[in-house]
Amino acid sequence: RISDLVQVKFATTGKLLQEHNYGMAYIVFVSFCLGYAIIAGALVSMVCPMAAGSGISEVKTYLNGVSIHGLLDCKTFICKLVGIM
């Protein structure tokens, strides 16, 4: 779950801060954030490019009657969901 991943990130960083190891705490915190961003970016660029961006313009286009291939696919939804989390 997402809350478990966040808890691990803050527990690890908190433990390092209690040991007064500020540099390593910063590196661990930034590494966790970069790891999450790399996973989200890889999903969007390799698995489903349709999930890139906010999707507002695509939904407006769809509501105006223009069919966009892959807009409402399950794969797009999963990539968007994982990218947001």
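Under a hydrophobic clustering in which Ile, Leu, Val, Met, Phe, Trp and Tyr are joined whenever their side-chain heavy atoms come within less than 4.5 Å, directly or via other members, Leu81 and Val6 fall into the same cluster.
Here the CD1-NZ distance, from Ile78 to Lys80, works out to 13.5 Å after rounding to the nearest 0.5 Å.
Take Thr61 and apply the side chain to side chain contact (heavy atoms under 4.5 Å, CB included) test, not counting sequence neighbours, and it matches Val66, Ile68.
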Using distance only, find each side-chain donor-acceptor pair of residues 8-33 under 3.5 Å and give its atom names and separation, not counting sequence neighbours.
from  : atom 1 : to    : atom 2 : distance (Å)
Thr12 : OG1    : Val8  : O      : 2.7
Thr13 : OG1    : Lys9  : O      : 2.8
His20 : ND1    : Tyr22 : OH     : 2.9
Ser31 : OG     : Ile27 : O      : 2.7

Side-chain donor/acceptor pairs under 3.5 Å, residues 46-57, sequence neighbours excluded:
from  : atom 1 : to    : atom 2 : distance (Å)
Ser54 : OG     : Ile56 : N      : 3.3

